[in-house]
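Treat the numbers as computed from the prediction; the structure is a model and nothing was measured. FYI, side chains are in, hydrogens and waters are out, and symmetry mates aren't considered; it's all heavy atoms of this structure.
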Amino acid sequence: AERSDRAALQSEGVLSRERLSHLKSKLRLSGVLIRDNYAGPEEFAEWVLRDLTAKIVAEFPEEASTETLAQVDDMMAREFEDSMLHTIHGREAEMNVLDEAVLGLQTTPQPTLLIGGEGVGKSAFLVAWSSRFQKKYEVDLFFKHYTGLTNQNRPCTTILRRMLIAIKEAFGLRKTLPGETALLAGSLQLWLNMLASLNAKVVLMIDGADRITDTLMERDAP
């Protein structure tokens, strides 16, 4: 962080610094899990999610169903978005370019990729852009997924199921989700084709798509 940014996060005054130092020492001596030296808010959010999920499963094993853990995922995603919205300002030109690319998919259906080096702020940009886009344009469904902010150990399977559930709920479909993992991708393609025939406006935003892997699903697929 820049020097000015660090200054904004430092304690005010000697007394405040002493109180903060005392609190940190007290926490460390209590034996609670301490997380520090994280690279950025995204890594910190991933750590918190893993720790929170482990605590829920340990203390409430019977209640830690897929639905319950999915609710934890949604809560963490909302907290992540709220924190990211305060870290980015401006960049209207880049957002306008992405607007045009996404809106252009109505005539030229193809994925739009946002590429950048690690740590340049892609996640924060997508959070800000998606919030802005939804305020400017009306769509039938705006699906968002942040890779890493999930407690599931099969991310590709998880995201496919989340997409199908979101589509089912948004459009009131009576279709049932396939029980077999290998059928998820095919079902998603069929459902999207059906929505396209209805001229439905759907945006699927995936942050960190390059980090989505699911070797178990690939092995199960025909």
Side-chain angles (χ1 to χ4, degrees), residues 1-2 5 8 40-46 48-49 70-150 155-156 158-173 175 185 187-212:
E2 297 294 335
D5 295 332
E42 294 92 344
E43 184 176 40
F44 177 72
E46 292 181 14
V48 171
L49 177 60
Q71 292 176 359
V72 175
D73 290 346
D74 291 339
M75 178 189 68
M76 289 299 298
R78 288 193 295 271
E79 292 291 339
F80 175 72
E81 289 180 327
D82 290 342
S83 65
M84 287 292 99
L85 283 174
H86 298 292
T87 66
I88 185 170
H89 303 283
R91 304 185 70 172
E92 289 292 319
E94 292 93 333
M95 291 187 186
N96 287 333
V97 171
L98 187 54
D99 284 351
E100 294 175 3
V102 172
L103 295 173
L105 295 178
Q106 299 178 43
T107 55
T108 308
Q110 60 184 356
T112 299
L113 300 180
L114 179 65
I115 301 174
E118 184 175 357
V120 300
K122 297 186 298 296
S123 297
F125 177 81
L126 284 176
V127 169
W129 169 79
S130 62
S131 175
R132 173 181 177 272
F133 185 91
Q134 289 177 275
K135 292 175 182 178
K136 290 182 61 177
Y137 306 102
E138 290 187 6
V139 295
D140 299 303
L141 171 63
F142 196 114
F143 173 87
K144 293 180 285 186
H145 181 88
Y146 302 100
T147 304
L149 291 183
T150 173
C156 188
T158 299
I159 190 173
L160 289 173
R161 288 191 182 281
R162 286 196 64 229
M163 285 183 180
L164 289 170
I165 292 173
I167 293 173
K168 179 181 174 69
E169 293 178 350
F171 295 94
L173 302 183
K175 295 180 177 293
S187 296
L188 177 61
Q189 184 63 60
L190 289 174
W191 289 22
L192 290 177
N193 289 341
M194 177 188 65
L195 295 179
S197 67
L198 298 174
N199 294 322
K201 297 180 180 179
V202 177
V203 178
L204 306 177
M205 187 191 85
I206 303 174
D207 176 47
D210 58 311
R211 293 187 287 133
I212 297 177

request  = Look up atom CG in Leu98 and atom CG in Leu114, then write down how far apart they are to the nearest 0.5 Å.
outcome  = 6.5 Å
task = Before giving the answer on side-chain contact (heavy atoms from CB on, under 4.5 Å), spell out for Trp129 and Asn96 the whole-Å C-alpha distance, their side-chain angles and the decisive distance to 0.1 Å.
result = CA-CA 9 Å; Trp129 169 79; Asn96 287 333; over 6 Å; no
request  = Kindly compute the distance separating CZ (Phe143) from CE (Met205), expressed to the nearest 0.5 Å.
outcome  = 9.5 Å
Residue pair Tyr146 / Glu81: nearest heavy atoms and the distance that separates them = OH-OE2, 2.6 Å
Asn193 and Gln189 side chains, donor-acceptor separation under 3.5 Å = yes
query = What heavy-atom pair brings Ala185 and Leu160 nearest, and what distance separates the two atoms?
reply = N-CD1, 4.0 Å
query = Is the closest basic N to carboxylate O distance between Arg132 and Asp99 below 4.0 Å?
reply = yes
inquiry  = Would you compute the distance between atom CZ of Phe171 and atom CE of Met194 and round it to the nearest 0.5 angstrom?
reply    = 8.0 Å
ask   = Does Lys136 NZ have over 12 foreign heavy atoms under 6.0 Å away?
value = yes
task = Output, in order, the C-alpha distance, side-chain angles, deciding distance and verdict of side-chain contact (heavy atoms from CB on, under 4.5 Å) for Glu94 and Phe125.
result = CA-CA 9 Å; Glu94 292 93 333; Phe125 177 81; 3.8 Å; yes
task = Grab the two heavy atoms, one from Gly121 and one from Arg91, that are nearest each other, plus how far apart they are.
result = O-NH1, 4.2 Å
remark   = For Val102 and Phe133 the tightest heavy-atom approach is CG1-CZ, 4.0 Å
ask   = Could you state the interatomic distance from CZ (Arg162) to CG (Leu188), rounded to the nearest 0.5 Å?
value = 13.0 Å
query = Run the side-chain contact (heavy atoms from CB on, under 4.5 Å) check on Met163 and Leu204 step by step: do they pass?
reply = CA-CA 8 Å; Met163 285 183 180; Leu204 306 177; 4.2 Å; yes
Sidechain-backbone polar pair: Ser130 side chain, Val127 backbone, donor-acceptor under 3.5 Å = yes
message = So does Lys175 get a backbone contact from the side chain of Lys168, meaning a donor-acceptor N/O pair under 3.5 Å?
response = yes
key: Asp140 versus Ala170, closest heavy-atom pair with distance   = O-CB, 4.3 Å
key: Least distance between heavy atoms, Trp191 atom then Leu173 atom   = CE3-CD1, 4.0 Å
key: From NE2 (His145) to CD1 (Ile159), nearest 0.5 Å   = 4.0 Å
Rounded distance [0.5 Å steps], CG in Leu126 versus OG in Ser131 = 12.0 Å
key: side-chain contact (heavy atoms from CB on, under 4.5 Å) evaluation trace for Val202 with Val139   = CA-CA 6 Å; Val202 177; Val139 295; over 6 Å; no
ask   = Around Glu138, counting heavy atoms of other residues, nucleotides and ligands shown, do more than 12 lie under 6.0 Å from its CD?
value = no
